[in-house]
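Heads up, the thing below is written out as structure tokens.
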Amino acid sequence: MARGMADERATAPAAADGLAAADGREAGGRAAAPRPAAPDDRAPAGGEVREQSSEELGAWRNHFLTLLDRIPLPIAVCTIEGEVHVANPAMAAEWGTTPGRLRGRGLRELFTPRSEVQLDRLVEALRAGRTSRYPLEVTWRDRHGAAREGEFTIDPIMTVPEPAAVLLAMLYVRDERPEPPAPARGAVSEVQARILALAASGATTAAVGKALGLTVDGVNYHLTRLSQRWRVQGRTALVAKAYALGVLAPGHWPPVPADGTGSPGPSRDRLS
């Protein structure tokens with residue numbers, strides 16, 4: 001009985017509204033505003049509204065994909081099972097392919113987890129519906145067969161309108177490729193060595209430039225770079241540093257580079 005009374009109370013306002021509309025009044029006794037004419041006296045189906053919403057969603061999706069393409073960090077959007085739905089060019093570059101060719105492939109197929117414990121923890125969390133971020137260390141081989149390693153940050157995201165999560169997988173690559181050997185502490189180019197030798201002889205900047213076919217700005221550029229690299233100030237300190245690092249050969253006048261390249265003057269006398 002109580003349920004019937006509740007239903008009756010719930011339907012009462014609607015019935016009152018209907019009666020008021022039929023009498024040309026709104027509920028509460030106010031005069032009803034004239035209704036716009038419709039072909040069959042029914043409200044529009046709303047097809048235009050749905051179409052507009054679809055266009056807006058499409059525009060936002062395009063914005064998202066554009067931003068994703070510009071991010072240098074390898075990123076993939078995956079289903080809850082780990083199947084790649086969208087990948088950006090940085091992710092595809094790890095495999096020497098295009099983003100479209102990664103679509104439909106599984107993360108487990110592409111990457112090998114370092115720790116099964118981490119993977120089990122991630123799977124358990126996803127099944128429980130938790131949406132925290134989870135790290136996952138992985139290894140893989142690039143297109144050249146070189147071993148690579150990195151760490152995924154897996155971020156489950158709830159989608160709208162369906163309550164099904166997708167995975168945002170961001171890969172932080174640990175570059176293990178050997179770096180080129182660092183140049184010797186005092187290593188300089190041939191031009192820089194000749195500039196230093198001429199500077200040590202007392203030549204002005206203009207004279208150095210004329211002897212080497214450089215502009216004054218070009219000479220100053222090399223001197224500034226060397227001063228910054230060696231952390232010294234002033235031409236005197238720069239020349240002293242060049243001798244200390246073995247860039248200029250000791251015991252020669254006019255000064256010459258240690259390897260004998262370049263000649264600041266017509267004659268080179270060795271001091272004994």
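Atom set for the values below is all heavy atoms of this structure, side chains included, hydrogens, waters and symmetry mates excluded.
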Candidates Val232, Leu196, Ile195 - the one meeting side-chain contact (heavy atoms from CB on, under 4.5 Å) with Leu226: Leu196
Side-chain heavy-atom pair Ile75, Met170 within 4.5 angstrom cut-off: yes
Non-hydrogen side-chain atoms of Val138 and Arg114 separated by less than 4.5 Å: no
Gln233, CD: over 12 other non-hydrogen atoms inside 6.0 angstrom: no
Presence of salt bridge, Glu116 and Arg108, under 4.0 angstrom: yes
Nearest heavy-atom neighbours spanning Ala258 and Gly246: CB-O, 3.0 Å
Carboxylate-amine/guanidinium contact Glu83 Arg105, below 4.0 Å: no
Non-hydrogen atoms of Leu248 and Ala193 that approach each other most closely: CD2-O, 4.0 Å
Within-4.5 Å side-chain heavy-atom neighbours: Phe111 and Thr139: no
Side chains of Leu107 and Cys78 in contact at under 4.5 Å (non-hydrogen atoms): yes
Side-chain heavy atoms of Val208 within contact of Leu223, under 4.5 Å: no
Check: Gln192 side chain, Ser189 main-chain N or O, donor-acceptor pair, under 3.5 Å: yes
Residue pair Leu110 / Trp140, side-chain heavy-atom distance below 4.5 Å: no
Asn88 (side chain) donor-acceptor with Ile71 (main chain) under 3.5 angstrom: yes
Hydrophobic cluster identity match, Leu238 and Tyr221, side-chain contacts under 4.5 Å: no
Atom pair CE (Met91) and CG (Leu68), whose distance is rounded to the nearest 0.5 Å: 9.5 Å
Leu136 vs Thr153 side-chain heavy atoms within contact, under 4.5 Å: no
Arg103 side chain to His85 backbone, donor-acceptor under 3.5 Å: yes
Close side-chain approach of Val123 to Tyr134, heavy-atom, < 4.5 Å: no
